[in-house]
Amino acid sequence: MFTLTTMALRTSKNFVFKSAKIRYLSVLGIETSCDDTGIALLNENGEVLGNVLNSQQKFHTRYGGIIPPRAQDLHRARIAEVFEHCMQEAKMTPDMLDAVGVTTRPGLPLSLLVGARFAKHIARKYKKPLVPIHHMEAHALQARMEQNIPFPFLCLLISGGHSQLVFVRSATQFLLLGESLDDAPGEAFDKIARRLRLFLIPKYCYWNGGQAVEDAAKDAKNPARFEFPLPLARERNCNFSFAGIKNNAFRNIRAAERQEGTPPDGIIYNYHDFCAGLLAAVSRHLMNRTQRALEFTLPWFGDAPRSLVVSGGVANNDYIFNDLAHLAEHYNSRAYRPSKKYCSDNGVMIAWNAIEQIKHNRSCMRWDYDAVSIHGKAALGVSKLDAVTEAAIKCKWVQASKWRGAQSALKVTQ
Ligand code: KG4
Ligand code: ZN
(Lines give C-alpha, C1' and ligand atoms only; values in the text may rest on other atoms or scores of the structure.)
(Ligands and ions follow the chains in the order given, each with its own letter.)
Protein backbone atom coordinates (compact mmCIF):
# COMPACT_ATOMS: atom_id res chain seq x y z
CA MET A 1 0.00 0.00 0.00
CA PHE A 2 2.84 2.34 0.82
CA THR A 3 4.43 1.86 -2.62
CA LEU A 4 1.11 2.51 -4.27
CA THR A 5 0.65 5.70 -2.30
CA THR A 6 4.13 6.94 -3.13
CA MET A 7 3.66 6.25 -6.81
CA ALA A 8 0.36 8.04 -6.79
CA LEU A 9 1.89 10.97 -4.94
CA ARG A 10 4.52 11.37 -7.61
CA THR A 11 1.84 11.42 -10.30
CA SER A 12 -0.63 13.85 -8.83
CA LYS A 13 -1.48 14.92 -5.31
CA ASN A 14 -5.14 15.53 -6.18
CA PHE A 15 -5.42 12.12 -7.65
CA VAL A 16 -4.44 10.58 -4.33
CA PHE A 17 -7.10 12.54 -2.47
CA LYS A 18 -9.79 11.67 -4.97
CA SER A 19 -8.90 8.01 -5.30
CA ALA A 20 -11.01 5.79 -3.09
CA LYS A 21 -8.60 2.88 -3.36
CA ILE A 22 -5.43 4.62 -2.30
CA ARG A 23 -4.97 6.10 1.11
CA TYR A 24 -2.04 7.57 2.98
CA LEU A 25 -0.01 5.60 5.47
CA SER A 26 -1.33 6.34 8.99
CA VAL A 27 1.09 5.98 11.86
CA LEU A 28 0.58 6.28 15.60
CA GLY A 29 3.37 7.74 17.77
CA ILE A 30 3.65 7.06 21.51
CA GLU A 31 6.01 9.09 23.70
CA THR A 32 6.53 8.41 27.41
CA SER A 33 10.31 8.77 27.84
CA CYS A 34 10.13 11.35 30.64
CA ASP A 35 7.16 13.20 32.13
CA ASP A 36 4.91 13.75 29.09
CA THR A 37 2.37 11.20 27.90
CA GLY A 38 2.09 12.07 24.22
CA ILE A 39 0.19 10.18 21.54
CA ALA A 40 -0.34 11.39 17.98
CA LEU A 41 -1.63 10.08 14.68
CA LEU A 42 -0.04 11.30 11.45
CA ASN A 43 -0.26 10.49 7.81
CA GLU A 44 2.84 10.12 5.71
CA ASN A 45 2.64 13.73 4.46
CA GLY A 46 3.07 14.98 8.01
CA GLU A 47 -0.58 15.92 8.45
CA VAL A 48 -1.39 15.71 12.12
CA LEU A 49 -4.74 13.90 12.38
CA GLY A 50 -4.76 13.59 16.15
CA ASN A 51 -2.40 14.86 18.84
CA VAL A 52 -2.92 14.60 22.59
CA LEU A 53 -0.33 15.54 25.18
CA ASN A 54 -0.69 15.04 28.88
CA SER A 55 2.04 16.84 30.78
CA GLN A 56 2.97 15.91 34.35
CA GLN A 57 4.78 19.22 34.84
CA LYS A 58 2.32 20.61 37.40
CA PHE A 59 2.66 17.51 39.53
CA HIS A 60 6.46 17.35 39.45
CA THR A 61 7.08 21.08 40.07
CA ARG A 62 5.39 20.62 43.45
CA TYR A 63 8.13 18.14 44.43
CA GLY A 64 11.03 20.06 42.91
CA GLY A 65 11.83 17.50 40.20
CA ILE A 66 10.74 14.30 38.51
CA ILE A 67 10.27 11.29 40.79
CA PRO A 68 10.52 8.32 38.37
CA PRO A 69 8.05 5.95 40.13
CA ARG A 70 5.45 8.74 40.30
CA ALA A 71 6.06 9.59 36.64
CA GLN A 72 5.42 5.93 35.84
CA ASP A 73 2.18 5.90 37.88
CA LEU A 74 0.93 8.99 36.04
CA HIS A 75 1.80 7.56 32.60
CA ARG A 76 -0.03 4.34 33.54
CA ALA A 77 -3.07 6.20 34.80
CA ARG A 78 -3.42 8.36 31.69
CA ILE A 79 -2.08 6.54 28.66
CA ALA A 80 -5.29 4.71 27.68
CA GLU A 81 -7.30 7.92 27.90
CA VAL A 82 -4.72 9.87 25.89
CA PHE A 83 -4.91 7.16 23.21
CA GLU A 84 -8.73 7.25 23.14
CA HIS A 85 -8.74 11.06 22.79
CA CYS A 86 -6.19 10.91 20.01
CA MET A 87 -8.22 8.37 18.02
CA GLN A 88 -11.39 10.42 18.55
CA GLU A 89 -9.65 13.59 17.38
CA ALA A 90 -8.45 11.78 14.25
CA LYS A 91 -11.92 10.24 13.75
CA MET A 92 -10.23 6.91 13.15
CA THR A 93 -10.30 3.45 14.66
CA PRO A 94 -7.14 1.49 15.60
CA ASP A 95 -7.67 -1.08 12.82
CA MET A 96 -7.03 1.78 10.32
CA LEU A 97 -3.44 2.22 11.58
CA ASP A 98 -0.53 1.04 9.45
CA ALA A 99 2.12 1.04 12.19
CA VAL A 100 2.75 2.01 15.80
CA GLY A 101 5.91 4.01 16.60
CA VAL A 102 7.02 4.11 20.21
CA THR A 103 9.96 5.66 22.07
CA THR A 104 12.10 2.80 23.33
CA ARG A 105 15.33 4.72 24.15
CA PRO A 106 16.85 6.76 25.85
CA GLY A 107 14.77 7.98 28.79
CA LEU A 108 13.61 7.09 32.28
CA PRO A 109 13.30 3.28 32.18
CA LEU A 110 10.12 3.23 34.29
CA SER A 111 8.47 5.76 31.97
CA LEU A 112 9.67 4.09 28.76
CA LEU A 113 8.24 0.81 29.99
CA VAL A 114 4.69 2.16 30.14
CA GLY A 115 4.75 3.41 26.53
CA ALA A 116 6.42 0.26 25.21
CA ARG A 117 3.91 -2.03 26.96
CA PHE A 118 0.98 -0.01 25.72
CA ALA A 119 2.35 0.05 22.16
CA LYS A 120 2.78 -3.74 22.24
CA HIS A 121 -0.76 -4.15 23.51
CA ILE A 122 -2.16 -2.07 20.61
CA ALA A 123 0.11 -3.78 18.08
CA ARG A 124 -0.93 -7.27 19.24
CA LYS A 125 -4.62 -6.50 19.51
CA TYR A 126 -4.94 -4.91 16.07
CA LYS A 127 -2.13 -6.85 14.36
CA LYS A 128 0.04 -3.85 13.51
CA PRO A 129 3.84 -3.61 13.22
CA LEU A 130 5.88 -1.72 15.82
CA VAL A 131 8.57 0.83 15.00
CA PRO A 132 10.97 1.36 17.94
CA ILE A 133 12.11 4.99 18.09
CA HIS A 134 15.23 6.71 19.47
CA HIS A 135 13.93 9.80 21.27
CA MET A 136 16.82 12.08 20.18
CA GLU A 137 16.64 10.94 16.55
CA ALA A 138 12.97 11.89 16.66
CA HIS A 139 13.83 15.39 17.95
CA ALA A 140 16.45 15.69 15.19
CA LEU A 141 14.06 14.91 12.31
CA GLN A 142 10.96 16.70 13.61
CA ALA A 143 11.63 19.99 11.76
CA ARG A 144 11.44 18.10 8.42
CA MET A 145 7.76 17.44 9.00
CA GLU A 146 6.84 21.11 8.51
CA GLN A 147 9.74 22.47 6.47
CA ASN A 148 11.58 21.33 3.42
CA ILE A 149 15.00 20.54 4.89
CA PRO A 150 17.00 18.16 2.72
CA PHE A 151 19.63 15.75 4.07
CA PRO A 152 22.32 16.27 5.14
CA PHE A 153 22.06 18.83 7.92
CA LEU A 154 23.84 19.73 11.12
CA CYS A 155 21.64 19.36 14.18
CA LEU A 156 21.99 20.82 17.65
CA LEU A 157 19.89 18.85 20.12
CA ILE A 158 19.29 20.73 23.34
CA SER A 159 16.85 19.39 25.89
CA GLY A 160 16.38 18.57 29.56
CA GLY A 161 18.45 15.41 29.26
CA HIS A 162 20.82 16.01 26.37
CA SER A 163 23.12 18.39 24.56
CA GLN A 164 24.42 16.92 21.32
CA LEU A 165 25.71 18.00 17.94
CA VAL A 166 25.05 15.52 15.14
CA PHE A 167 25.51 15.49 11.41
CA VAL A 168 22.38 13.89 9.95
CA ARG A 169 23.02 12.13 6.63
CA SER A 170 19.67 10.36 6.33
CA ALA A 171 16.73 9.27 8.46
CA THR A 172 18.94 6.58 9.98
CA GLN A 173 22.50 7.90 9.65
CA PHE A 174 23.71 10.13 12.46
CA LEU A 175 27.33 11.15 13.11
CA LEU A 176 27.94 12.37 16.66
CA LEU A 177 30.24 15.41 16.80
CA GLY A 178 29.80 16.60 20.37
CA GLU A 179 27.93 15.85 23.58
CA SER A 180 27.63 17.14 27.11
CA LEU A 181 30.26 16.00 29.60
CA ASP A 182 27.88 16.62 32.50
CA ASP A 183 24.50 18.40 32.70
CA ALA A 184 22.16 19.21 29.82
CA PRO A 185 21.23 22.87 29.23
CA GLY A 186 17.53 22.35 30.07
CA GLU A 187 18.53 20.58 33.28
CA ALA A 188 20.80 23.52 34.21
CA PHE A 189 17.99 26.02 33.52
CA ASP A 190 15.54 23.95 35.60
CA LYS A 191 17.89 23.57 38.57
CA ILE A 192 19.01 27.21 38.56
CA ALA A 193 15.42 28.50 38.23
CA ARG A 194 14.44 26.34 41.20
CA ARG A 195 17.40 27.56 43.27
CA LEU A 196 16.53 31.13 42.33
CA ARG A 197 12.97 30.31 43.50
CA LEU A 198 11.37 31.70 40.35
CA PHE A 199 8.40 29.44 41.13
CA LEU A 200 7.42 31.95 43.84
CA ILE A 201 6.37 34.33 41.07
CA PRO A 202 2.78 33.24 40.27
CA LYS A 203 3.32 33.54 36.52
CA TYR A 204 6.21 31.04 36.67
CA CYS A 205 4.64 28.70 39.20
CA TYR A 206 4.04 25.88 36.69
CA TRP A 207 6.47 26.91 33.97
CA ASN A 208 9.60 24.91 33.28
CA GLY A 209 12.88 26.54 34.31
CA GLY A 210 14.08 27.42 30.81
CA GLN A 211 10.86 29.20 29.93
CA ALA A 212 10.88 31.13 33.22
CA VAL A 213 14.52 32.20 32.77
CA GLU A 214 13.83 33.35 29.20
CA ASP A 215 10.84 35.41 30.27
CA ALA A 216 12.51 36.92 33.34
CA ALA A 217 15.56 37.90 31.24
CA LYS A 218 13.41 40.13 29.02
CA ASP A 219 13.19 42.80 31.75
CA ALA A 220 16.92 42.91 32.46
CA LYS A 221 18.51 46.33 32.89
CA ASN A 222 22.11 45.21 33.27
CA PRO A 223 22.74 41.68 31.95
CA ALA A 224 26.45 42.01 32.83
CA ARG A 225 25.74 42.43 36.56
CA PHE A 226 26.49 38.76 37.34
CA GLU A 227 29.49 36.82 36.07
CA PHE A 228 29.24 33.46 34.37
CA PRO A 229 32.12 31.32 33.08
CA LEU A 230 32.51 30.22 29.48
CA PRO A 231 32.89 26.42 29.73
CA LEU A 232 35.54 24.39 27.87
CA ALA A 233 36.98 27.56 26.34
CA ARG A 234 40.34 25.89 25.77
CA GLU A 235 39.02 22.54 24.54
CA ARG A 236 39.01 22.60 20.75
CA ASN A 237 36.18 20.12 20.30
CA CYS A 238 32.40 20.30 20.13
CA ASN A 239 31.56 18.95 23.58
CA PHE A 240 29.47 20.85 26.09
CA SER A 241 29.53 21.39 29.82
CA PHE A 242 26.87 23.13 31.89
CA ALA A 243 27.87 22.05 35.42
CA GLY A 244 30.32 24.97 35.75
CA ILE A 245 27.67 27.51 34.76
CA LYS A 246 25.22 25.89 37.19
CA ASN A 247 27.62 25.80 40.15
CA ASN A 248 28.73 29.35 39.46
CA ALA A 249 25.06 30.38 39.35
CA PHE A 250 24.42 28.73 42.74
CA ARG A 251 27.41 30.60 44.22
CA ASN A 252 26.23 33.91 42.77
CA ILE A 253 22.71 33.42 44.13
CA ARG A 254 24.03 32.53 47.59
CA ALA A 255 26.28 35.60 47.63
CA ALA A 256 23.46 37.91 46.49
CA GLU A 257 21.06 36.41 49.05
CA ARG A 258 23.56 36.99 51.86
CA GLN A 259 24.24 40.51 50.75
CA GLU A 260 20.56 41.39 50.39
CA GLY A 261 19.36 39.39 53.42
CA THR A 262 16.86 37.53 51.21
CA PRO A 263 14.39 35.48 53.32
CA PRO A 264 13.97 31.70 52.62
CA ASP A 265 10.78 32.46 50.72
CA GLY A 266 12.21 35.37 48.75
CA ILE A 267 14.01 36.07 45.49
CA ILE A 268 17.11 38.22 44.93
CA TYR A 269 16.34 41.75 43.71
CA ASN A 270 18.13 41.59 40.39
CA TYR A 271 16.85 38.23 39.20
CA HIS A 272 16.05 39.72 35.76
CA ASP A 273 19.71 40.64 35.28
CA PHE A 274 20.75 37.26 36.64
CA CYS A 275 18.58 35.40 34.13
CA ALA A 276 19.83 37.55 31.24
CA GLY A 277 23.47 36.87 32.16
CA LEU A 278 22.76 33.15 32.48
CA LEU A 279 20.98 33.04 29.15
CA ALA A 280 23.81 34.88 27.42
CA ALA A 281 26.40 32.50 28.88
CA VAL A 282 24.48 29.37 27.82
CA SER A 283 23.84 30.82 24.38
CA ARG A 284 27.49 31.81 23.88
CA HIS A 285 28.63 28.28 24.81
CA LEU A 286 26.11 26.71 22.42
CA MET A 287 27.13 29.13 19.65
CA ASN A 288 30.85 28.42 19.99
CA ARG A 289 30.48 24.64 19.96
CA THR A 290 28.06 24.80 17.03
CA GLN A 291 30.40 27.11 15.11
CA ARG A 292 33.22 24.58 15.41
CA ALA A 293 30.87 21.82 14.27
CA LEU A 294 29.90 23.92 11.24
CA GLU A 295 33.57 24.44 10.38
CA PHE A 296 34.25 20.71 10.82
CA THR A 297 31.36 19.62 8.60
CA LEU A 298 31.77 22.16 5.77
CA PRO A 299 33.56 19.58 3.55
CA TRP A 300 30.81 17.01 4.28
CA PHE A 301 28.14 19.33 2.92
CA GLY A 302 29.92 19.72 -0.41
CA ASP A 303 27.62 21.76 -2.66
CA ALA A 304 24.49 20.90 -0.65
CA PRO A 305 22.73 23.69 1.29
CA ARG A 306 24.21 24.03 4.77
CA SER A 307 21.23 23.69 7.05
CA LEU A 308 21.42 23.96 10.81
CA VAL A 309 18.51 22.42 12.70
CA VAL A 310 17.98 23.22 16.37
CA SER A 311 15.66 20.92 18.27
CA GLY A 312 14.66 19.71 21.75
CA GLY A 313 12.90 21.64 24.52
CA VAL A 314 15.60 24.35 24.77
CA ALA A 315 15.08 25.15 21.06
CA ASN A 316 11.90 26.92 22.25
CA ASN A 317 14.17 29.69 23.48
CA ASP A 318 14.03 32.64 21.06
CA TYR A 319 17.18 34.26 22.41
CA ILE A 320 19.22 31.09 21.86
CA PHE A 321 17.64 30.35 18.49
CA ASN A 322 18.25 33.92 17.24
CA ASP A 323 21.92 33.64 18.19
CA LEU A 324 22.20 30.34 16.33
CA ALA A 325 20.36 31.71 13.30
CA HIS A 326 22.79 34.63 13.31
CA LEU A 327 25.70 32.16 13.42
CA ALA A 328 24.21 30.12 10.58
CA GLU A 329 23.87 33.25 8.42
CA HIS A 330 27.56 33.90 8.85
CA TYR A 331 28.21 30.52 7.20
CA ASN A 332 25.71 31.05 4.36
CA SER A 333 23.64 28.53 6.17
CA ARG A 334 20.05 28.66 7.37
CA ALA A 335 18.79 27.75 10.82
CA TYR A 336 15.53 25.85 11.34
CA ARG A 337 13.62 24.62 14.34
CA PRO A 338 10.30 22.80 14.64
CA SER A 339 7.29 24.97 15.52
CA LYS A 340 7.29 25.57 19.24
CA LYS A 341 4.58 23.06 20.04
CA TYR A 342 6.83 20.34 18.58
CA CYS A 343 10.19 21.42 20.06
CA SER A 344 9.41 19.77 23.41
CA ASP A 345 8.47 16.12 23.86
CA ASN A 346 5.30 15.01 22.06
CA GLY A 347 3.77 12.08 20.21
CA VAL A 348 3.97 13.82 16.81
CA MET A 349 7.74 13.60 16.65
CA ILE A 350 7.60 9.86 17.36
CA ALA A 351 4.99 9.20 14.66
CA TRP A 352 6.95 11.38 12.21
CA ASN A 353 10.17 9.53 12.95
CA ALA A 354 8.42 6.21 12.33
CA ILE A 355 7.19 7.57 8.98
CA GLU A 356 10.69 8.77 8.04
CA GLN A 357 12.10 5.35 8.91
CA ILE A 358 9.40 3.44 7.04
CA LYS A 359 9.97 5.61 3.95
CA HIS A 360 13.70 4.96 4.26
CA ASN A 361 13.48 1.22 4.81
CA ARG A 362 10.37 -0.79 5.58
CA SER A 363 12.36 -3.37 7.52
CA CYS A 364 12.19 -1.05 10.55
CA MET A 365 8.66 -2.40 11.11
CA ARG A 366 8.80 -5.15 13.71
CA TRP A 367 6.42 -8.05 14.24
CA ASP A 368 8.62 -9.72 16.88
CA TYR A 369 7.02 -7.66 19.64
CA ASP A 370 8.71 -9.52 22.50
CA ALA A 371 12.14 -8.69 21.11
CA VAL A 372 11.43 -4.94 21.19
CA SER A 373 13.05 -3.73 24.40
CA ILE A 374 13.61 -0.43 26.17
CA HIS A 375 17.00 1.16 26.98
CA GLY A 376 17.43 3.96 29.51
CA LYS A 377 20.70 4.95 27.88
CA ALA A 378 21.34 4.78 24.15
CA ALA A 379 24.13 6.30 22.09
CA LEU A 380 23.15 8.55 19.23
CA GLY A 381 24.71 7.56 15.89
CA VAL A 382 28.32 6.83 15.06
CA SER A 383 30.85 8.69 17.20
CA LYS A 384 33.11 11.19 15.42
CA LEU A 385 34.19 12.72 18.75
CA ASP A 386 37.84 11.69 18.33
CA ALA A 387 38.00 13.03 14.78
CA VAL A 388 36.64 16.40 15.97
CA THR A 389 39.17 16.53 18.81
CA GLU A 390 42.01 15.58 16.46
CA ALA A 391 41.02 18.31 14.01
CA ALA A 392 41.32 20.85 16.90
CA ILE A 393 39.74 23.58 14.79
CA LYS A 394 40.51 27.12 15.94
CA CYS A 395 37.62 29.49 15.30
CA LYS A 396 37.29 33.22 15.04
CA TRP A 397 34.10 33.49 17.05
CA VAL A 398 31.02 34.99 15.49
CA GLN A 399 29.60 37.57 17.91
CA ALA A 400 26.20 37.11 19.52
CA SER A 401 23.28 38.74 17.77
CA LYS A 402 22.04 40.95 20.61
CA TRP A 403 22.44 41.88 24.27
CA ARG A 404 26.16 42.29 23.67
CA GLY A 405 26.42 43.90 27.10
CA ALA A 406 26.04 40.48 28.68
CA GLN A 407 29.05 39.15 26.80
CA SER A 408 31.37 41.31 28.86
CA ALA A 409 30.23 39.31 31.88
CA LEU A 410 32.00 36.18 30.66
CA LYS A 411 35.08 35.62 32.79
CA VAL A 412 37.03 33.54 30.32
CA THR A 413 38.28 35.53 27.38
CA GLN A 414 37.88 33.94 24.00
O1 KG4 B 1 12.88 18.01 24.93
P2 KG4 B 1 12.19 18.24 26.25
O3 KG4 B 1 10.74 18.56 26.23
O4 KG4 B 1 12.38 17.00 27.19
C5 KG4 B 1 13.54 16.24 27.21
O6 KG4 B 1 13.68 15.35 26.37
O7 KG4 B 1 14.40 16.58 28.06
O8 KG4 B 1 13.00 19.41 26.98
C9 KG4 B 1 12.63 19.86 28.25
C10 KG4 B 1 13.60 20.96 28.65
C11 KG4 B 1 13.39 21.45 30.07
O12 KG4 B 1 14.59 21.25 30.79
C13 KG4 B 1 13.06 22.93 29.91
O14 KG4 B 1 13.64 23.74 30.92
C15 KG4 B 1 13.62 23.26 28.56
O16 KG4 B 1 13.42 22.10 27.78
N17 KG4 B 1 12.91 24.40 27.95
C18 KG4 B 1 13.49 25.58 27.72
C19 KG4 B 1 12.47 26.43 27.20
N20 KG4 B 1 11.31 25.71 27.13
C21 KG4 B 1 11.62 24.46 27.59
N22 KG4 B 1 14.76 26.01 27.91
C23 KG4 B 1 15.03 27.29 27.58
N24 KG4 B 1 14.11 28.15 27.08
C25 KG4 B 1 12.83 27.77 26.89
N26 KG4 B 1 11.93 28.64 26.40
ZN1 ZN C 1 13.02 15.31 24.50
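Since this is a predicted model, take the numbers as computed values, not measurements. Counting starts at 1 for both ligands and their atoms, following the listed order.
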- Should you measure from each heavy atom of Gly186, which atoms of ligand 1 turn up under 4.0 Å away? 12 (O), 14 (O)

- Query: Can you find a pair of side-chain heavy atoms, one from Ser170 and one from Glu356, that are under 4.5 Å apart?
  - Reply: no

- Does Asp345 approach ligand 1 within less than 4.0 angstrom via side chain, backbone, both or neither, non-hydrogen atoms only? both

- Message: Geometry only, no angles: is Gly312 polar-contacting ligand 1 at N/O separations under 3.5 Å?
- Response: no

- Report the name of the N/O/S atom of His135 located nearest to the Zn ion (ligand 2). NE2

- Which residue and heavy atom of the protein sit nearest atom 24 (N) of ligand 1, plus the separation: Asn317 ND2, 3.0 Å

- Message: When you compare the side chain of Ser180 with that of Asp182, does any pair of heavy atoms fall below 4.5 Å?
- Response: yes

- Of all N/O/S atoms in Asp345, the name of the one nearest the Zn ion (ligand 2): OD1

- Message: If we count only N and O atoms by modelled type, under 3.5 Å, do the side chains of His135 and Asp345 hold a donor and an acceptor together?
- Response: yes

- Query: N/O to N/O below 3.5 Å, does that happen between Cys343 and ligand 1?
  - Reply: no

- Message: If you count every heavy atom of other residues, nucleotides or ligands that lies below 6.0 Å from Arg366 atom CZ, does the total exceed 12?
- Response: yes

- Does the gap between the ring centers of Phe153 and Phe167 come in under 6.0 Å? no

- Task: Would you please classify the geometry between the Tyr369 ring and the Trp367 ring as parallel, tilted or perpendicular, with 30° and 60° separating the classes?
- Result: tilted

- Task: Give me the one residue out of Leu165, Val398, Leu154 that meets side-chain contact (heavy atoms from CB on, under 4.5 Å) with Leu294.
- Result: Leu154

- Note on the structure: What one should report as the nearest heavy-atom pair of Tyr24 and Asn45 is CZ-ND2, 3.0 Å

- Item | contact_flag Gly161 ligand 1 heavy-atom lt 4.0 Å | yes

- Message: Taking N, O or S atoms only and a limit of 2.8 Å, check whether His139 reaches the Zn ion (ligand 2).
- Response: yes

- Query: Less than 3.5 Å between some nitrogen or oxygen of Phe189 and one of ligand 1, yes or no?
  - Reply: no

- Message: Distance under 4.0 Å to a non-hydrogen atom of Ser344: what atoms of ligand 1 satisfy this?
- Response: 3 (O)

- Examine Arg169 relative to Trp300 and say whether NZ or CZ is less than 6.0 Å from the centre of the six-membered ring and inside a 45° cone about the ring axis. yes

- Message: Can you tell me which portion of His162 lies within the under-4.0 Å heavy-atom range of ligand 1? Options are side chain, backbone, both, or neither.
- Response: neither

- Message: Go through it in stages, so that I can follow the logic: the residues are Asp318 and Arg337, the test is salt bridge (charged side-chain N to carboxylate O under 4.0 Å, His left out), and I'd like the CA-CA distance, side-chain angles, deciding distance and then a yes or no.
- Response: CA-CA 10 Å; Asp318 292 333; Arg337 63 174 160 177; 2.7 Å; yes

- Message: Considering non-hydrogen atoms of the protein only, which is the closest contact for atom 7 (O) of ligand 1, and what is the distance?
- Response: Gly160 N, 2.8 Å

- Heavy atom of the protein closest to atom 26 (N) of ligand 1 (residue, atom name, distance): Glu214 OE1, 2.8 Å

- Min heavy-atom dist His139 to ligand 1 below 4.0 Å: yes

- Item | Nearest-neighbour protein heavy atom for atom 22 (N) of ligand 1, which is reported as residue plus atom name and distance | Gly210 CA, 3.3 Å

- Item | Closest to atom 11 (C) of ligand 1 among Asp190, Ile320, Asn208 (heavy-atom distance) | Asp190

- Query: With distance as the sole test, does Thr103 use its side chain to make a donor-acceptor pair with the main-chain N or O of Arg105 at under 3.5 Å?
  - Reply: no

